Amino acid sequence: MKKAPKPGAPKRELVETMFNRIAPTYDRLNHALSLGIDRRWRRKAVDELKPFSPSTILDIATGTGDFAILAARRLQPDRIIGIDISEGMMKVAQEKVKKEGLDNVIFFMKDDCTNLSFDDNSFDAITVAYGARNFDDLDKGLSEMCRVLKPGGHLMLVELTTPPHFPMKQLFNLYAKIVMRQIGRRISHDDSAYTYLPASMAAFPQAEQLKPRLLKAGFSMVNYRRFTFGLSTMYLATK
């Protein structure tokens with residue numbers, strides 16, 4: 001068993017350890033915390049890529065593989081490579097992909113989004129579903145994604161965000177501080193993971209703040225769309 005990271009350890013190490021720990025209950029927790037709405041958000045995000053018919057896709061922070069599996073089903077690409085720093089999460093993903101009969105389309109490898117091991121201009125599309133807030137260095141991660149994306153390719157990034165308007169903003173703050181923590185503790189028996197979740201959401205740049213950072217990273221065009229009163233936001237960027 002890996003040792004727990006020391007206090008003050010880099011964010012990457014803390015995130016890797018935490019997700020390895022909660023991997024077995026991660027899917028159940030996600031659906032419970034979102035009341036199942038996350039499935040609809042994922043479908044809407046994947047479908048935004050349909051007009052571009054990408055044949056090669058890189059799924060960053062692939063986690064337990066839900067987004068990669070959905071993309072394989074709805075986009076019919078030749079190949080999807082899912083990367084993550086958590087081997088525990090990818091182990092769950094590999095089992096799901098094999099069960100779905102997609103192990104000839106979806107492949108997994110451990111890789112760091114801030115230092116991708118792929119050549120320039122390698123992928124038609126890149127997807128990141130609910131993992132960007134965990135990046136150790138967001139701007140470096142965005143630049144690396146732009147580097148490995150083919151000219152004219154698309155980045156689809158969807159992330160949890162804080163509702164911007166009353167009363168949903170106030171209701172969500174109560175939910176995050178009380179309900180989310182209680183559900184997380186009950187299902188995963190890991191209080192720290194679901195204290196981290198609302199904190200990471202609050203720290204992540206909101207729609208109008210992320211757009212200029214995507215442009216600075218090298219993308220030529222960026223659009224965003226909020227889902228369910230702003231609980232989730234989808235970004236579509238073109239290289």
Side-chain angles (χ1 to χ4, degrees), residues 27 30-31 34-84 90 93-94 96-109 111 113 116 118-133 141-142 144-161 207-208 210-211 213-215 217-239:
D27 287 339
N30 264 2
H31 302 324
S34 71
L35 305 178
I37 300 173
D38 63 304
R39 293 186 177 96
R40 188 171 65 195
W41 295 338
R42 292 170 196 271
R43 285 195 300 271
K44 287 183 177 181
V46 166
D47 287 350
E48 288 290 324
L49 290 174
K50 278 186 175 180
F52 312 116
S53 302
S55 61
T56 55
I57 299 173
L58 177 64
D59 186 41
I60 294 180
T62 194
T64 59
D66 274 0
F67 206 74
I69 292 169
L70 188 64
R73 292 295 190 202
R74 298 179 81 85
L75 302 177
Q76 299 289 306
D78 295 330
R79 181 181 53 154
I80 298 176
I81 297 178
I83 68 164
D84 208 293
M90 287 190 291
Q94 286 168 337
K96 289 162 67 174
V97 164
K98 186 175 182 180
K99 186 177 180 181
E100 293 282 337
L102 292 168
D103 46 346
N104 62 333
V105 177
I106 304 174
F107 307 90
F108 297 101
M109 61 179 284
D111 205 9
C113 64
L116 294 170
F118 304 101
D119 293 334
D120 296 357
N121 309 319
S122 293
F123 297 94
D124 298 314
I126 295 176
T127 57
V128 192
Y130 308 109
R133 68 183 182 278
L142 296 176
E144 275 290 277
M145 288 189 279
C146 190
R147 178 183 67 79
V148 303
L149 194 61
K150 292 178 182 178
H154 297 86
L155 166 67
M156 169 56 63
L157 190 155
V158 60
E159 188 53 84
L160 296 169
T161 44
E208 60 279 354
L210 187 61
K211 183 175 180 178
R213 293 172 75 165
L214 284 160
L215 292 170
F219 293 95
S220 62
M221 186 169 60
V222 179
N223 294 300
Y224 65 87
R225 176 183 171 194
R226 289 187 172 97
F227 297 144
T228 317
F229 306 105
L231 286 169
S232 180
T233 303
M234 177 194 70
Y235 310 83
L236 181 64
T238 306
K239 180 175 177 179

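Note that these values count all heavy atoms, side chains included, but never hydrogens, waters or copies made by symmetry. Please read all numbers here as calculations on a predicted model, not as lab measurements.
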Measure the spacing between [atom1] of [X] and [atom2] of [Y] and express it to the nearest 0.5 Å.
X      : Y      : atom1 : atom2 : answer
Leu210 : Thr233 : CG    : OG1   : 9.5 Å
Phe123 : Ile80  : CZ    : CD1   : 11.0 Å
Met90  : Thr64  : CE    : OG1   : 11.5 Å
Arg74  : Ile69  : CZ    : CD1   : 14.0 Å
Arg43  : Arg73  : CZ    : CZ    : 14.5 Å
Asp119 : Arg147 : CG    : CZ    : 7.5 Å

Decide yes or no for [X] and [Y]: does some side-chain heavy atom of the first lie under 4.5 Å from some side-chain heavy atom of the second?
X      : Y      : value
Phe107 : Val97  : no
Arg79  : Val105 : no
Met234 : Lys44  : no
Ser122 : Thr56  : no
Ile57  : Ile126 : no
Leu155 : Leu214 : yes
Phe219 : Leu149 : yes
Trp41  : Tyr130 : yes

Using the side-chain hydrogen bond (donor to acceptor under 3.5 Å, both in side chains) definition, which of the options Arg42, Lys96, Arg39 pairs with Asp66?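 It is Lys96, the one option of Arg42, Lys96, Arg39 that forms the side-chain hydrogen bond (donor to acceptor under 3.5 Å, both in side chains) with Asp66.
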Between [X] and [Y], is there a donor-acceptor pair closer than 3.5 Å when you use the side chain of the first and the backbone of the second?
X      : Y      : answer
Arg213 : Leu142 : no
Glu159 : Ala132 : yes
Ser55  : Pro77  : no
Glu144 : Leu116 : yes
Thr238 : His154 : no

Go through Thr62 and Asp84 one step at a time and tell me if the side chain to side chain donor-acceptor pair (under 3.5 Å) criterion holds. CA-CA 6 Å; Thr62 194; Asp84 208 293; over 6 Å; no
For residues [X] and [Y], report the shortest heavy-atom separation together with the two atoms involved.
X      : Y      : answer
Ile60  : Met145 : CD1-CG, 3.3 Å
Ala93  : Gly63  : CB-O, 3.6 Å
Leu102 : Ala72  : CD1-CB, 4.1 Å
Pro54  : Leu75  : CG-CD1, 4.3 Å
Ala71  : Val46  : CA-CG1, 4.0 Å

Assess, by modelled atom type and distance only, whether the side chains of Thr127 and Asp59 contain a donor and an acceptor separated by less than 3.5 Å.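 Judged by distance alone, the side chains do pair up.
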Side chains of Lys239 and Asn121: is there a donor and an acceptor less than 3.5 Å apart?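 A donor-acceptor contact under 3.5 Å links the two side chains.
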Steps toward side-chain contact (heavy atoms from CB on, under 4.5 Å) verdict (Val148, Asp120): CA-CA 4 Å; Val148 303; Asp120 296 357; 5.6 Å; no
Relative to the ring of Tyr224, is the ring of Tyr235 parallel (under 30°), tilted (30 to 60°) or perpendicular (over 60°)?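 Geometry flag for Tyr224 against Tyr235: tilted rings.
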Begin from the C-alpha positions of Ile81 and Phe118 and carry the test side-chain contact (heavy atoms from CB on, under 4.5 Å) through to its verdict. CA-CA 11 Å; Ile81 297 178; Phe118 304 101; 4.0 Å; yes
Let's go through Ile83 and Leu58 carefully: what are the C-alpha distance in whole Å and the side-chain angles of both, what is the deciding distance for side-chain contact (heavy atoms from CB on, under 4.5 Å) to 0.1 Å, and is it a yes or a no? CA-CA 8 Å; Ile83 68 164; Leu58 177 64; 3.9 Å; yes
Is the shortest distance from a Lys or Arg side-chain nitrogen in Asp47 or Lys50 to a carboxylate oxygen in the other one below 4.0 Å?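 Here Asp47 pairs with Lys50 in a salt bridge, since their nearest N and O are under 4.0 Å apart.
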Any chance CE of Met221 has more than 12 other-residue heavy atoms, nucleotides or ligands included, within less than 6.0 Å?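 Count not over threshold, so no.
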Quick one: do Asp103 and Lys98 satisfy salt bridge (charged side-chain N to carboxylate O under 4.0 Å, His left out)? Show the steps, please. CA-CA 5 Å; Asp103 46 346; Lys98 186 175 182 180; over 6 Å; no
